Structure formats: C-alpha cells, structure tokens
Trainee: 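Pasting in a structure now, in structure tokens, and then I'll have a few things to ask.
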Amino acid sequence: MNTLIYLKDVVTLKLDEKKCVACGMCLQVCPHRVFDLNNSSVKIVNRDACMECGACSRNCPTEALSVQSGVGCAAAMIDVLLGRSNSPCCGPKDSENNLAGCTSKPGGCC
Amino acid sequence: MSFPDLKQPFVIGSIQTPVGIVPQVSSFLTRKDRVGSFKARLGINRMHYLVEPGLYALGTPNEKSPVMVTANYKMSFDHLRQALTGHNVWILVLDTKGINVWCSAGKGTFGTEELTRRIQSSGLAMVVTHREIILPQLSAPGVAAHEVKKISGFKVIYGPIRAKDLPIFLDAGFKATSEMRVKTFPLRERIVLIPIELWPALKGGFIFSFILFLIAFMWRWGEGWTLALNHALTPVMAILIAIFSGAVLTPILLPWLPGRAFSSKGAWVGIFSSVLFHFFRLALRVKITGHLESIAWFLLIPAVSAFLAMNFTGASTFTSLSGVKKEMRWALPFQIGAGTIGVILWLGSQFFL
C-alpha cells in the first residue's frame, strides 16, 4: 500500500520540455515518483500522484518545472476562511490555538 | 562563528576543531529523549521541543567525514543520530523554529537562505576539507541545490527520505535506491498522527455533547431522573462514535475506504457507524424515543465523521493543495448542511415527540 492517490486531474504541475535539460534532479527530489527520465528527456508519468510540494520546481536549474505549491490541509484552509490565520499554514505561531491539523506536510505545522 | 550550547542534556562531550569547540552527541537515546518524543506525539510541548541550531559531532568525525543537515525539531535530530549508530559524521542543525524537516521546508524556514547562512556561521568550510553536504530529500521543497552551490560552494546531495536508510545510503557512496525516495503513509505513521487530530475534536465534542446532554436531560426531567439520564446519554454516545469514526477509524482504514476524497472516506465510516449505533439502540430499548432522533443521528454522525476525515488531509503525505480546495468546495457545504439539518431534527425530536 505504498502509492495512495488523491483526487484525479487537479494538480497544477507543468513541465516545459523545451527548457528541460534532463539533469534528473526532479526525479531525485520527488517523493511520489511523478517523473521518469528516458531517451534523455523528463516525462510526467504519474501526474495524479503529485502533491504539489514544490520540491521539483525549486530544484530545477532551468525553471522548466512549475507548480503552485502549498499545503494540502483542510484545517489550515478553514482557519484562513475564518480569518484566524492569513497564510494557509500554522507553524510556530504564538499560541497553540493556531495549530491546525497539518502534522506532517511541507508547510504544515508539525 | 557561533557554536551550540554544550549544556544541552543530550550533549556528551566536545570536539576541538580549527574553528572552535563543537558539542558531541551520541547515537544512544536516553529515557528522557524517548519520553520527550512520546509527549510531543501527544501534542504536549510540541512547539518547544527543540535543539540549538549549529554544528554538532556524532562520534569522532574528522575533516573528511560526511556532513548531515537536519532541522532543529528535537525528534528530527534524534531520528538522525539514532540512525547513524557507529558512524562518525558532522550534523549541521538549521534553525527551523522547532519544526520538522518536511513542514519547515514547505514554509521555507528549512531553505536556501538559512542553510547558506548556517554553513557560514558554523565555519563548516574550515572544519571539513570536502565540499559536499547531505540533506534529507524532504527538505527539497525549501532548498534550491543549484543556488546553495552558487552561494556557499557546497554541493547539496539529497539523501533518503527516512533516516533509517542512511547507513545503506552512506555505504553505497551516497546513492539512494528509488524505494528510498518514495514517501509512503504506512499504518504505523497514520496511527501516531491520530492524537494530534483527536484531542481538539474531543474538546469540541465534549462541549457540543454537554449542551445536547443538558437539553435532553432537562426536557425529560419530569419522567424521572433515570429515564432522563438514559435518554440524555444518547447524544453523548453518538458524538463520541462520530469522533471515533472520523478521527480514529478513518485514518487507520484510509487505503481501503471507498472514494478518493477524504470526506467520502469519512462519510462511509460515519454511515456504517450510525447504522451500528441505530441497531445498538434498538437492541437496548424496545421502544425508541422517536424516528426523528434516529434520522438526526444518521445525518449528524456521517457529517461529523466526514469533517474530521477531511481535516486529516493535513496529516497525510499525498494530498495536494489544489485537490483539497476542490474537495472542500463540495464537501464543506455538504457537511454543514447535513450537520444543521441533523441538529434541527434532533431538537425537534426532543421537543415534539
């Protein structure tokens, strides 16, 4: 049970193949095997597995990858809706009340 | 140059380097370390469980030893040193405000800027002769390897996701297998994340069920207090069942539940438990207080369970922001709707039947 998949066809991940130099860095940093490298070009092979953590775009030396990264955390978004926090995460805020449910996520409060 | 305090409880000695005295730590976790981790898992003092940032020595490293980078959340630091029993390495702890690697990387506190600043302030370039640093793969959302190289001269090597894979990674000459690069969400991990979600739910649930308890109890007071108590305990039990369904059962059963959205998974568990609850009540008492109350719980239990399950997206390791937004757009109105109708029906069942 090592590949849990969330919703289909929602992620904002984009690859500009013209800019890609096939360095393979995205394959190293992606935690969900979204990419594959063959014939010296990178392909998105498992798009729905992407969790938009932003590791690939951050480490892409030619800016070939783009993704609107953020925390997939409902509790944090409810906090934003209620005006309890202005950024969709919690982190080391001044009080424990600001701890939304993000416990093990990029950008979550762990 | 600045060095971490030698007086921290896990420091066992010190090592002289060309730039000064570096605290030495061991791979052996004490009882105090374990108790601290356990408490942090339960949410006690979780935001103040930290290590002073800076350079540490594990074992007796020299100028050729590898450099491992980690966050200053005490549990991250402990996982790392525990995994490296018998190895001599440098550990560079970044100031991530006591937040673990993945979360702080997403926020950018475990990031290019803090890393390059810490390389500078620790004098790392004078402690080691090589120019490589090993970062946990999950720090990649915050760190741009190519920029770190440009600014500091150090080449970032992304190590495995799990600290326990580090010995194999080091022995293989800094090569991670593709299995080491995949973030899974196994049962054990789902279970340890339950308390963090469960406590706030129980707090809210306690207040909610107390109000319903009072209403039900007062209203039936005239029928004798045992009957009233019996009757008033129904909402307390129902709410506990709803919380257990959404915040405990759903995380445990996550991979096997139908639907992709967490709300659907939680709703299914809620429907199943409300059916069980209904038959439990039927079995206990021949005459049920009213069908209206039964219908109310058939709405309320799945709604609460679905809501709590939806909140578990933040603890999971595979949900995207776009996905959660999409889920919330339909699921939240549904939960609020079912919850409101449920409360109205329940009040109706108390006053009119």
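These numbers were taken from a predicted model, which means no experiment stands behind them. By convention in this document, chain letters (A, B, ...) are assigned in the order of the sequence lines, proteins followed by strands, and residues within each chain are numbered from 1. Reckoned from all heavy atoms, side chains included, excluding hydrogens, waters and symmetry mates.
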Trainee: Name the region of B:Val143, side chain, backbone, both or neither, that has any atom closer than 4.5 Å to a heavy atom of chain A.
Mentor: backbone
Trainee: Where do A:Cys53 and B:Pro141 come nearest, in terms of heavy atoms and distance?
Mentor: O-CB, 3.3 Å
Trainee: With rounding to the nearest 0.5 angstrom, report the CG to CZ distance, A:Leu4 to B:Phe318.
Mentor: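 The CG atom of A:Leu4 sits 4.0 Å away from the CZ atom of B:Phe318.
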Trainee: Can you tell me which portion of A:Cys56 sits under 4.5 Å from chain B's heavy atoms? Options are side chain, backbone, both or neither.
Mentor: neither
Trainee: Between A:Ile5 and chain B, with a heavy-atom cut-off of 4.5 Å, which part of the residue counts as in contact: side chain, backbone, both or neither?
Mentor: both
Trainee: Side chains of B:Trp102 and A:Pro31, heavy atoms from C-beta outward: is any pair under 4.5 Å?
Mentor: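 Of all side-chain heavy-atom pairs linking A:Pro31 with B:Trp102, at least one is under 4.5 Å.
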Trainee: Keeping A:Asn59 on the side-chain end and B:His146 on the backbone end, is there a donor-acceptor pair under 3.5 Å?
Mentor: no
Trainee: State, to 0.1 Å, how close A:Met51 and B:Thr317 come at their nearest heavy-atom pair, and which atoms those are.
Mentor: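 Closest approach of A:Met51 to B:Thr317, heavy atoms only: SD-O, 3.2 Å.
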Trainee: Under a 3.5 Å cutoff, is there a donor and acceptor pairing between the side chains of A:Glu52 and B:Ser322?
Mentor: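 Yes, because at least one side-chain N or O of A:Glu52 sits under 3.5 Å from a partner of the opposite role on B:Ser322.
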Trainee: Name the region of B:Leu187, side chain, backbone, both or neither, that has any atom closer than 4.5 Å to a heavy atom of chain A.
Mentor: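 It is neither, since no heavy atom gets under 4.5 Å.
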Trainee: Measure B:Glu147 against the heavy atoms of chain A and call it side chain, backbone, both or neither at under 4.5 Å.
Mentor: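 Nothing of B:Glu147, per the 4.5 Å heavy-atom cut-off to chain A.
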Trainee: Answer with side chain, backbone, both or neither: which region of B:Phe262 has an atom nearer than 4.5 Å to a non-hydrogen atom of chain A?
Mentor: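 Contact with chain A involves both backbone and side-chain atoms of B:Phe262.
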Trainee: Counting only heavy atoms not in B:Glu132, do more than 12 fall under 6.0 Å of its CD?
Mentor: yes
Trainee: Is chain A contacted by the side chain of B:Met328, its backbone, both, or neither, given a heavy-atom distance below 4.5 Å?
Mentor: side chain
Trainee: Could you measure the distance from the CD atom of A:Gln28 to the OG atom of B:Ser178? Nearest 0.5 Å is fine.
Mentor: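 A:Gln28 atom CD to B:Ser178 atom OG measures 12.0 Å (nearest 0.5 Å).
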Trainee: Among B:Thr313, B:Leu321, B:Leu332, which residue meets the side chain to side chain contact (heavy atoms under 4.5 Å, CB included) test with A:Met77?
Mentor: B:Leu321
Trainee: Does any non-hydrogen side-chain atom of B:Asn311 lie less than 4.5 Å from one of A:Ile78?
Mentor: yes
Trainee: I need the minimum non-hydrogen distance between B:Ser320 and A:Val10, along with the two atoms involved.
Mentor: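 Shortest heavy-atom contact: OG-CG2, 4.2 Å.
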Trainee: Hey, is CZ on B:Phe206 packed in by over 12 heavy atoms from elsewhere, all under 6.0 Å?
Mentor: no
Trainee: Please name the pair of heavy atoms, one in A:Tyr6 and one in B:Arg260, separated by the smallest distance, quoted to 0.1 Å.
Mentor: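 Result for this residue pair: O-NH1, 2.7 Å.
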Trainee: Would you say that more than 12 heavy atoms from the other residues, nucleotides or ligands in this model lie under 6.0 Å from the CH2 of B:Trp199, or not?
Mentor: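 It does not: B:Trp199 CH2 has 12 such atoms or fewer within range.
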Trainee: If you take all heavy atoms of A:Arg33 and B:Glu179, which pair is closest and at what distance?
Mentor: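 For A:Arg33 versus B:Glu179, the nearest heavy atoms are NH1-OE2, 4.1 Å.
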